[in-house]
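Since this is a predicted model, take the numbers as computed values, not measurements. First listed ligand is number 1; within each ligand, the first listed atom is number 1.
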Amino acid sequence: MNPLRIGMVAYPGLGGSGIVATELADRLARMGHRVYLFATERPFRLPQESPVTYIPVDLPYYPVFPGPLYTLSLAGVLEREAKRLGLDLVHTHYAIPHAAAAFLAFGEDFPLVHTLHGTDVSVLGMDPAFHGPTRRALYAARATTAVSRALAREAERAFGVKPTVIHNAVDPDRFFPRPERKRLYAAEGEWLLVHASNFRPIKRVPDIVRAFAKVRRRVEARLLLLGKGPEEGEAKRVAEELGVERFVTFYPPTPHPEEILGAADLFLLASEEESFGQAALEALASGVPVVATAVGGVPELITPEVGRLVELGDLEAFAEAVLELLESPQLPQLRQQARAYAAEAFHPEKITRLYLEVYAHALAGGSAR
Ligand code: GMT
């Protein structure tokens, strides 16, 4: 394929959709494509030396409006810059409001690709305030993709589109085992259990603390909660109530989660909704088996060779699964399997090729339906 001029639209913050978009943009640019990343801030995961060009989306303030008009500002900058830069296609990540903004900017006569990530379909996508314009925009696009088969099914029901399933990628040269770092986070003889997220209610961080308290009754362990968000206070309160606060470390978001993940013994994910689970994939690549709730697309990622799945809300089963793995003589083998599986099945080169196939389909006049 000849080098393309690609406009990528993403949220720049700590969310998984922004990480996926930024890493894809970086990889495509390193392959020789010209990639322009549109966001309200420079994405925190975009390396300084990246060949990707960051295009700021300004949010002009006018007192007549009740708030900044992000959708309209994005549409304006996309329309203007696409002409100036001669973009071949625009690829948005997270449909709300990115799909509608791109539709406003280009209508149907431009190659638009939209990647659905999760709550843009299940929560915000179902909100009557956003559903109509989002459905219209997705339906008119040349292609949509979804990060799991579970999410693709949900999107088909919600919006009538047929997304191509492309799982997320992980870079095995960045996420790899770092057992020598474990002593930085856990005392001698303690197992190190890690969770990383934006601590939103759907992540059920307090449930992780409750399950951890059960684990602590049987083995020496430390829980490291990496991230920040609305449930941090509740997670601290539960840790105090259960008397395990001394063994729970709250660690602020870092641009280098690989340094912590690589040191862990297990990764824990107790979400009530999860279309994929990017942090769990990063843990696997770091050689860290995962215990997770069997929701959304998580079963597409966590197989018995690399972790355990439990029913949502069954904290007894969650703690038992953690203990079973910690006490299993198979744990070193699971670690190796996790690493090999993530590095092979979710390698960025493989995933980037799949996106390029979707681009080719969009450029050839394809349809999202
Ligand atoms: O959909 C969201 O809740 C936000 C989004 C994000 O930006 O973090 O998360 C989703 O996209 C990630 C990247 O594809 C997935 O790894 C997460 O599983 C997914 N979150 C949910 O489905 C709750």
Ignoring angles and geometry beyond distance, decide whether [X] reaches within less than 3.5 Å of ligand 1 through its nitrogen or oxygen atoms.
X: Gly277; value: yes
X: Gly16; value: yes
X: Tyr94; value: no
X: Gly15; value: no

(message) Tell me whether Arg222 forms a cation-pi arrangement with Tyr185, defined as NZ or CZ under 6.0 Å from the six-membered ring centre and within 45 degrees of its axis.
(response) no
Which one holds for [X] and ligand 1: side chain close, backbone close, both close, or neither close, with close meaning a heavy atom under 4.0 Å?
X: Thr119; result: both
X: Leu151; result: neither
X: Tyr11; result: neither
X: Val123; result: neither
X: Glu273; result: backbone

Which of the ligand 1 atoms, numbered from 1, are nearer than 4.0 Å to a heavy atom of [X]:
X: Gln278; value: 16 (O)
X: Val147; value: 14 (O)
X: Ile202; value: 23 (C)
X: Gly118; value: 1 (O), 22 (O)

(request) Sequence neighbours left out, what pairs pass ring pair (Phe, Tyr, Trp, His ring centres under 6.0 Å) with at least one residue falling in residues 300-320? (result) none
(request) Kindly identify the option in Glu282, Arg200, Glu274 whose heavy atom sits closest to atom 18 (O) of ligand 1. (result) Glu274
(request) Report the member of Ser275, Ala150, Ser17, Gly296 with the shortest heavy-atom distance to atom 5 (C) of ligand 1. (result) Ser17
Between [X] and [Y]: side-chain donor-acceptor atoms closer than 3.5 Å:
X: His256; Y: Glu258; answer: yes
X: Thr115; Y: His91; answer: yes
X: Glu259; Y: Thr254; answer: no

(message) Tell me which one of Arg216, Arg218, Arg217 satisfies salt bridge (charged side-chain N to carboxylate O under 4.0 Å, His left out) with Glu220.
(response) Arg216
(request) Flag the pair Asp207 and Arg204 as a salt bridge only when some basic side-chain nitrogen lies within less than 4.0 angstrom of an acidic carboxylate oxygen. (result) yes
(message) Can you confirm whether Glu327 is buried at CD, in the sense that more than 12 heavy atoms of other residues, nucleotides or ligands lie under 6.0 Å from that atom?
(response) yes
(message) On a heavy-atom basis, which atom in Ala155 and which in Leu116 lie closest, and how many Å separate them?
(response) CB-CD1, 3.5 Å
(request) Without swapping roles, check the side chain of Glu108 against the backbone of Ala140 for a donor-acceptor pair under 3.5 Å. (result) no
(message) Between ligand 1 and His93, can you find any atom pair, the residue atom being a heavy atom, that is separated by under 4.0 Å?
(response) no
